[in-house]
Amino acid sequence: MVSEFMLQQTTVNAVIPYYGAWMARFPTLEALASASEQRVLRAWEGLGYYSRARNLRAAAKEIVGRFGGKFPRSAQDLLTLPGVGRYTAAAILTFAFDEPVGIVEANTTRLLSRLFNVNAPIDTVAGREQLWKHAQRIMPAENAGRFNSALMDLGALVCLPQRPRCTVCPVQSLCRAKDPAALPRKKPRPPIKNLTERHSFAYQGGKVLLQSCKDRWRGMWMLPRLTKRPRRRPAYSSTFSFTHHRIRLEAFPFPTAGYSSQQSWFTLGSLENLPIPSPHRRALGELLASAAINECHEKAGRSGKRPGIAGSR
């Protein structure tokens, strides 16, 4: 279940470094179910789409509480778990229990679209339903897990997105696509929207001020939001992508007075265990490094000594 949640909208290469660490931290359903949300989000940090982590924890709680800690083995029961959709339920059934159910994910979507010449956009209800019917139709009664793994590998290694390797494809004679590279079809993507989000950076006495996140990163901590743009240049700026948005993050040194109930001071040592969105953790790293350099220069100015690098001559 863990790997299937991690692989939702994420590549295998991105998931591999996280999976082992996650299983070491939460080796059983009971361990995950009893963990705090912040501890779970911290372990997930960097994978993105954090609702998956919250749903995975909630699903573990459901399995422990409602199913007595025994993993459900029917699609009907699996689909009642938080974050478990049609693909995740099918993948768990076929790979964990070898049930003969078809699966439709990125690689098999491409493969099935070409094999059966599916011209309906795959991101429509009609297109997806066609793919699921084809996936189930070709499913063997035995060795379903191996069969589905083979389909996924065929899509990943041979039936490539841009340049499908048709000449070496073992099922080329069965393929109905006249122009494989033109499939699968999708609806036109909405244009990317550019946004700017401004935040404050308050640091004093070895502590930094952070704000609890709502909506996008619920349950995590970030630099406090600013409602107005200060009349000075930001001390830090970067860009990151989120769904159909390209977001510019700007951070400004800000007075420490007047913070809200949603904000708290944290020691630098506590940041390691705190769930912080990756764009904000990167910003904090650079801002705190600059603050440390400024403190060094201020102390040197008061003492009359010129700051240097440790070990230099």
Side-chain angles (χ1 to χ4, degrees), residues 1-23 44 46-49 52 56 75 78 83-124 126-189 241 243:
M1 183 172 73
V2 173
S3 62
E4 294 304 334
F5 269 73
M6 287 186 170
L7 287 167
Q8 293 170 6
Q9 298 180 297
T10 306
T11 64
V12 172
N13 287 338
V15 164
I16 288 174
Y18 285 87
Y19 180 79
W22 179 277
M23 295 306 299
W44 196 273
L47 270 178
Y49 299 99
R52 295 178 298 171
L56 183 54
L78 284 169
V84 176
R86 189 173 185 178
Y87 164 73
T88 302
I92 291 171
L93 289 173
T94 191
F95 295 130
F97 304 118
D98 207 31
E99 292 289 335
V101 292
I103 58 171
V104 176
E105 48 79 63
N107 291 308
T108 57
T109 288
R110 189 167 56 253
L111 179 65
L112 293 168
S113 294
R114 292 167 176 172
L115 277 176
F116 296 98
N117 198 32
V118 176
N119 283 281
I122 60 169
D123 47 0
T124 62
R128 297 298 286 179
E129 196 57 37
Q130 285 187 49
L131 294 176
W132 279 103
K133 287 180 180 179
H134 289 310
Q136 191 59 43
R137 198 175 80 189
I138 62 174
M139 185 57 47
E142 298 181 352
N143 298 317
R146 292 181 64 185
F147 182 81
N148 278 325
S149 291
L151 290 184
M152 294 169 69
D153 287 343
L154 186 58
L157 301 175
V158 178
C159 201
L160 302 176
Q162 303 300 328
R163 296 181 179 178
R165 303 172 62 195
C166 298
T167 57
V168 297
C169 181
V171 295
Q172 183 188 17
S173 61
L174 303 175
C175 187
R176 300 177 185 174
K178 295 179 180 179
D179 183 8
L183 297 174
R185 302 188 191 281
K186 290 185 178 181
K187 294 186 298 185
R189 289 186 178 184
S241 298
T243 58

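A donor-acceptor pair under 3.5 Å links the side-chain atoms of R110 to the main chain of G155, judged by distance alone. Distance alone, capped at 3.5 Å, is enough to place a donor-acceptor pair between the N148 side chain and the V101 backbone. Of the possible polar contacts, none joining the R114 side chain to the C175 backbone as a donor-acceptor pair under 3.5 Å is found. Panel note: side chain R52, backbone M6; a donor-acceptor pair is recorded below 3.5 Å. Between the E142 side chain and the P100 main chain, no donor and acceptor come within less than 3.5 Å of each other. The backbone N or O of K186 lies less than 3.5 Å from no partner atom in the side chain of D123, so there is not a single donor-acceptor pair.
Between I138 and L151 there is a side-chain heavy-atom pair separated by less than 4.5 Å. A 4.5 Å side-chain heavy-atom check between V2 and M23 finds at least one atom pair inside the cut-off. At a threshold of 4.5 Å between non-hydrogen side-chain atoms, the residues P170 and L154 count as touching.
The shortest non-hydrogen separation linking P180 to C166 is CG-SG, 4.0 Å. When all heavy atoms are compared, the tightest approach of V104 to A135 is CG2-CB, 4.1 Å. A91 and I103 get closest at one heavy-atom pair: N-CG2, 3.9 Å. In plain terms, the two heavy atoms of G83 and T88 that are nearest each other are O-OG1, 4.5 Å.
Note that OG1 of T109 is 10.5 Å distant from CE of M152, once rounded to the nearest 0.5 Å. Rounding to the nearest 0.5 Å places CG of L183 at 13.0 Å from CZ of F116. Taking CZ of R185 as the reference point, atom OG1 of T124 lies at 12.0 Å (rounded to 0.5 Å). Once rounded to the nearest 0.5 Å, the distance linking CZ of R176 with OG of S113 reads 13.0 Å. Between T94 atom OG1 and I92 atom CD1 the span is 11.5 Å, to the nearest 0.5 Å.
Residues that satisfy the side chain to side chain donor-acceptor pair (under 3.5 Å) test with R146, not counting sequence neighbours, are absent from this structure. Residues satisfying the salt bridge (Lys or Arg N to Asp or Glu O under 4.0 Å) test with E99, not counting sequence neighbours, are none. Applying the side chain to side chain donor-acceptor pair (under 3.5 Å) criterion to D153, with sequence neighbours excluded, gives no partner residue. By the side chain to side chain donor-acceptor pair (under 3.5 Å) test, E105 pairs with T108, sequence neighbours left out. W132 pairs by the ring-ring contact (aromatic ring centres under 6.0 Å, His included) definition with nothing, not counting sequence neighbours. Here S149 pairs with nothing under the side chain to side chain donor-acceptor pair (under 3.5 Å) rule; sequence neighbours left out.
Residue W44 is tested with W22, Y18, Y19 for a ring-ring contact (aromatic ring centres under 6.0 Å, His included); the sole match is W22.
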From CA spacing to verdict: side-chain contact (heavy atoms from CB on, under 4.5 Å), L112, V118: CA-CA 8 Å; L112 293 168; V118 176; 6.0 Å; no
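Atom CZ of R137 has more than 12 heavy atoms from other residues, nucleotides or ligands within 6.0 Å.
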